[in-house]
Structure formats: structure tokens, C-alpha cells
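Here the structure is a predicted model, which means the values were calculated and not measured.
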Amino acid sequence: MDRLKRNKLAKLDCIEFNVSLSDYTTYKVGGEAAAFAHPHTEEEVIEVLQAVKGLDIPFFFIGNGSNMLISDLGYDGVVIKLGRGFEAISVNGNIAKAGSSASLWELVKYTARHSLSGLEPLSGIPGSVGGALLMNAGAYGKSISDVLVRLRAIDPETLRVSWYDQASIQYKYRSSGIPLFHLSAEFLLEPDNLDEIKKRIAVYLAKRKSAQPLDKPSAGCVFKNPPDDHAGRIIDELGLKGLSSGGAEVSSKHANFIVNNGGAKAKDIYELINMVKKTVKLQKGIDLELEVQLKGRWE
Ligand code: EPU
């Protein structure tokens, strides 16, 4: 980023420069962001967006970094992480409200404590509420959009803040239909017996633990499932479990996970992604689509 742009950005209160991103992703890899903004209010978010758009600086929002692979070469732009003002979770009747940077798992536990049911299948998903909505995270037949009532978000073009009804967003499998910068969301849940909710949560957590390598850094499933099949099943069938590159490995527990065995670089993970994709295309004629978001420069 050139000095002039950097100096203009430096006028923002919530900005830092040359920030290592490896602690901001669950893979625990990635180089530095040229700039890192952590706005705490809606006004501050708009201020940051006006600045980056005005200066024509690339940017992206990061949530919990649990579905993201950031290049070792870093990101020559601004990474925006919503701050404390977007972490609140509350309940009013059957409606739960959460800021975008609240943890999805905290939301599941909070609503359970208020005897509200509906989010149990999403137990243990490591993302933020905003990230989960952006990707329409799901598990065990339930997607987060199934319980969403409305979303408070910024229109990327006009930078206007408004509420969007669930139906207007056109959610699909692991995607949301319109690009929006998420701020907070409201979910409609159902009253239920606390012990029953807790039991279901325990069952989903156990299922997840038995099928997925939760003991090692990863970004969950790397590829989206192709229609009527499972990327993990296909990769497994092709004997790719255990395939490694540097410190990264195709998990031997779940073939659609790439795990960091310690000391992996982003380029190791990227190389494995390409090897798996190529093999699946060659052997099965299937083009696997990435679920993990790639950020930064790749060689
Ligand atoms: N399978 C294998 N080998 C493997 C992995 C899976 O044969 O290495 C087989 C399983 O035996 C099963 C089938 O593939 O018959 C499906 O496996 P699983 O139940 O683990 O579901 P999945 O389709 O691989 C999806 C989501 C997960 C979510 C689980 C549970 C995607 C890409 N993945 O996995 O989401 O947790 O269902 O509902 O949709 C994520 O998105 O990051 C993620 C982990």
C-alpha cells in the first residue's frame, strides 16, 4: 500500500498497520495485513468503508477466520474485523439477537440457557454469527438461514444500513444470495425444555467429534459438497487421506478437512487443495468448489 493511502488511513481511530493474520484464522497461518481495522460502532464501520472505497484500497471482513485461508504473502489491503460493539447476544421472547462478531457457538449456548431451541445442530461450529450467515453455515440438516428472521447489514454500494428480511436474501447451500456487510441478526427460536435442548447439543457435539478432526487447526470442510454426494466421501475413496505437503495434511479422520499438523504454511494448504482438486477432476470428472475463502496473493 502506498504511503499516501497509508497516511490517509492513519487518520482513522480504529486502524493498525502490518498486523499478522495468523492469529486471526483457525488454520493459524497467513502473513500480514497492510492495515487492520477494528471498528466498534456502525458509524465507525461506515467511516472505514468510506475511506477504503474512496482510496480504492482492497478490503475484506474477517469474522473468526474459521473458513478462510490467507496467503503467507499477506494481504495488501485492509482487513476489517468488527469489534466489541458487535459481540452482544440477547433474547427477547422467542427472538434471539446477536451481533456479527458474536461467536455462533456462544449464541447456541446462550439460547439454550434461555430454554430456546432451534440452533442445536449448529453446536460447535467455530465461526462468528456474521461469517456463519455469509456462508449460510449448516450441519445435520439445518442451516443458520432456517432460523433467521432478519439481518441488519450495510449495502456495499450505497453504504446504507438497513434491515433485510430472510426471504430477501435468497440463501442457498453454503451461500447467501446478495452481497452484504453483516452487522447483526435476529433469529426465531422455539421454547423447549432445557434438559432436552442440552441432550440434543451433547448428541450433536459427540457426532461432530467422532467424524471430524477437531483436535487440530483446520478451517472445517475445504470443499462444498457436490450435488447428491459428499466431497469427503469422494476424496476418501480416491485414497487421498494422509496426503501431506509440509505441515499440512488431508485429515485421516475426515477427508474434506485439511489440518495443520504444526508449522504448516498457507502455501502447504494451498498446494494440497490444488492436488486434491486436480485428482478429483482427473479421476471422477468432478469440479470441486472451494468452501474455504482464499485471501491474498497466490503464486
Ligand atoms: N465420508 C467418508 N470419508 C470421509 C468423510 C466422510 O466416506 O473421510 C462419508 C461418510 O461416511 C458419510 C458421508 O461421507 O457417509 C458424509 O459425511 P459427513 O456426515 O461427515 O458429512 P459431510 O457431507 O462430509 C457436511 C458438512 C459439514 C457438517 C457435516 C455434518 C459440507 C461441505 N460439510 O459434511 O460442514 O459439519 O455435514 O452435518 O457441507 C463445514 O461446512 O465446514 C462442515 C464441516
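Residues P39 and C14 form a side-chain contact, since some pair of their non-hydrogen atoms from C-beta on lies under 4.5 Å apart. In this structure, P217 and T26 have side chains that are not in contact, with every pair of non-hydrogen atoms separated by 4.5 Å or more. In this structure, R208 and S123 have side chains that are not in contact, with every pair of non-hydrogen atoms separated by 4.5 Å or more. The shortest distance between side-chain heavy atoms of Y270 and V29 does not fall below 4.5 Å. Between D287 and K281, some side-chain heavy-atom pair lies under the 4.5 Å cut-off. Taking the side chain as every heavy atom from C-beta outward, V161 and I154 approach each other to under 4.5 Å. The closest side-chain heavy-atom distance from L69 to L290 is not below 4.5 Å. Contact annotation: the side chain of I197 never approaches that of T111 to less than 4.5 Å [non-hydrogen atoms, C-beta and beyond].
D146 contributes a side-chain N or O that, together with a main-chain N or O of S143, makes up a donor-acceptor pair within less than 3.5 Å. K5 places a side-chain N or O within 3.5 Å of a backbone atom of L55 that can act as its donor or acceptor partner. Panel note: side chain Q283, backbone T279; no donor-acceptor pair is recorded below 3.5 Å. Here the side chain of K142 pairs a donor or acceptor atom with the backbone of G118 at under 3.5 angstrom. Checking side-chain atoms of N225 against main-chain N and O of A231 turns up a donor-acceptor pair under 3.5 Å. K81 places a side-chain N or O within 3.5 Å of a backbone atom of G63 that can act as its donor or acceptor partner. A donor-acceptor contact shorter than 3.5 Å is absent between the side chain of R6 and the backbone of M1. The closest donor-acceptor contact from the side chain of N92 to the backbone of I95 lies at 3.5 Å or more, if one exists at all. A donor-acceptor pair is defined here as one N or O able to donate and one able to accept, closer than 3.5 Å; such a pair exists between the side chain of K53 and the backbone of P156. In this structure, N193 contributes its side chain and D195 its backbone to a donor-acceptor pair below 3.5 Å.
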**Request:** Quick one: do R84 and E87 satisfy salt bridge (charged side-chain N to carboxylate O under 4.0 Å, His left out)? Show the steps, please.
**Result:** CA-CA 5 Å; R84 284 186 306 279; E87 278 173 8; over 6 Å; no
**Request:** Assess whether side chain to side chain contact (heavy atoms under 4.5 Å, CB included) is satisfied between L9 and V52, documenting all intermediate values.
**Result:** CA-CA 8 Å; L9 278 183; V52 291; 4.3 Å; yes
**Asked** Does the pair K199 and V203 meet the rule for a side chain to side chain contact (heavy atoms under 4.5 Å, CB included), with working shown?
**Response** CA-CA 6 Å; K199 269 189 219 158; V203 169; 5.6 Å; no
**Request:** Show the numbers, then the answer: is there a side chain to side chain contact (heavy atoms under 4.5 Å, CB included) between R297 and D76?
**Result:** CA-CA 9 Å; R297 201 153 49 84; D76 192 22; over 6 Å; no
**Asked** Yes or no on side chain to side chain contact (heavy atoms under 4.5 Å, CB included) for I234 and F223, after CA distance, side-chain angles and deciding distance?
**Response** CA-CA 11 Å; I234 298 166; F223 299 102; over 6 Å; no
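Taking the centre and axis of the six-membered ring of F60, the NZ or CZ atom of K295 falls inside the cone set by 45° and 6.0 Å.
Under the 4.5 Å side-chain contact rule for hydrophobic residues, I273 and V259 do not share a cluster. Cluster annotation: L243 is connected to Y27 through the hydrophobic network of ILVMFWY side chains, with a link wherever side-chain heavy atoms come within less than 4.5 Å. Using a 4.5 Å cut-off between side-chain heavy atoms of Ile, Leu, Val, Met, Phe, Trp and Tyr, with links allowed through other members, L189 and L104 fall into the same hydrophobic cluster. L151 and V91 fall within the same hydrophobic cluster, where Ile, Leu, Val, Met, Phe, Trp and Tyr residues are linked whenever their side-chain heavy atoms come under 4.5 Å apart, directly or through other members. Note on L133: it does not cluster hydrophobically with L183, by side-chain heavy-atom contacts below 4.5 Å among ILVMFWY residues.
Taking each heavy atom of S90 and Y110 in turn, the nearest pair found is CA-OH, 3.7 Å. Minimum heavy-atom separation, N261 to E249: ND2-OE1, 2.6 Å. Smallest separation of non-hydrogen atoms from I15 and A10: CG2-CA, 4.0 Å. Taking both residues in full, the closest heavy atoms of K224 and L288 are given as O-CD2, 4.4 Å, listed atom of the first, atom of the second, then distance. Here the closest heavy-atom approach between residue F187 and residue V129 is recorded as CZ-CG1, 4.0 Å. The minimum heavy-atom distance between L272 and S245, with the atom names listed, is CG-CB, 3.9 Å.
The aromatic rings of F59 and F61 sit perpendicular, their planes meeting at an angle over 60°, well past the 30° parallel limit.
To the nearest 0.5 angstrom, E271 atom CD is 13.5 Å from K265 atom NZ. Here the CD1 atom belonging to I178 is positioned 5.0 Å from the OG atom belonging to S168, to the nearest 0.5 angstrom. Atom CD1 of I144 sits about 11.0 Å away from atom CG of L134, to the nearest 0.5 Å. For the atom pair OG of S252 and CG of L240, the computed distance is 13.0 Å after rounding to the nearest 0.5 Å. Put simply, SG on C221 and CD on Q212 are 6.0 Å apart, with the number rounded to the nearest 0.5 Å. Considering CE of M68 and OG1 of T25, their distance stands at 9.5 Å, rounded to 0.5 Å.
In this view, S145 and N136 satisfy the side chain to side chain donor-acceptor pair (under 3.5 Å) rule, not counting sequence neighbours. In this structure R200 satisfies the side chain to side chain donor-acceptor pair (under 3.5 Å) test together with S117, E120, D192, sequence neighbours excluded.
Residues E237 and R233 are paired through a salt bridge, judged by an N-O separation under 4.0 Å between the basic side chain and the carboxylate. By the 4.0 Å N-to-carboxylate-O rule, R160 lies too far from D155 to be salt-bridged with it. Salt bridge annotation for E289-R174: absent, with no cationic side-chain nitrogen under 4.0 angstrom from a carboxylate oxygen. Between E106 and K109 there is a salt bridge, with a side-chain nitrogen of the basic residue lying less than 4.0 Å from a carboxylate oxygen of the acidic one.
For N7, the CG atom is densely surrounded, since the number of other residues' heavy atoms within 6.0 Å is greater than 12.
The only member of S128, S101, S100 that meets side chain to side chain contact (heavy atoms under 4.5 Å, CB included) when paired with H182 is S100. Considering V222, N67, N256 as possible partners of E291, the one that fulfils the side chain to side chain contact (heavy atoms under 4.5 Å, CB included) test is N67.
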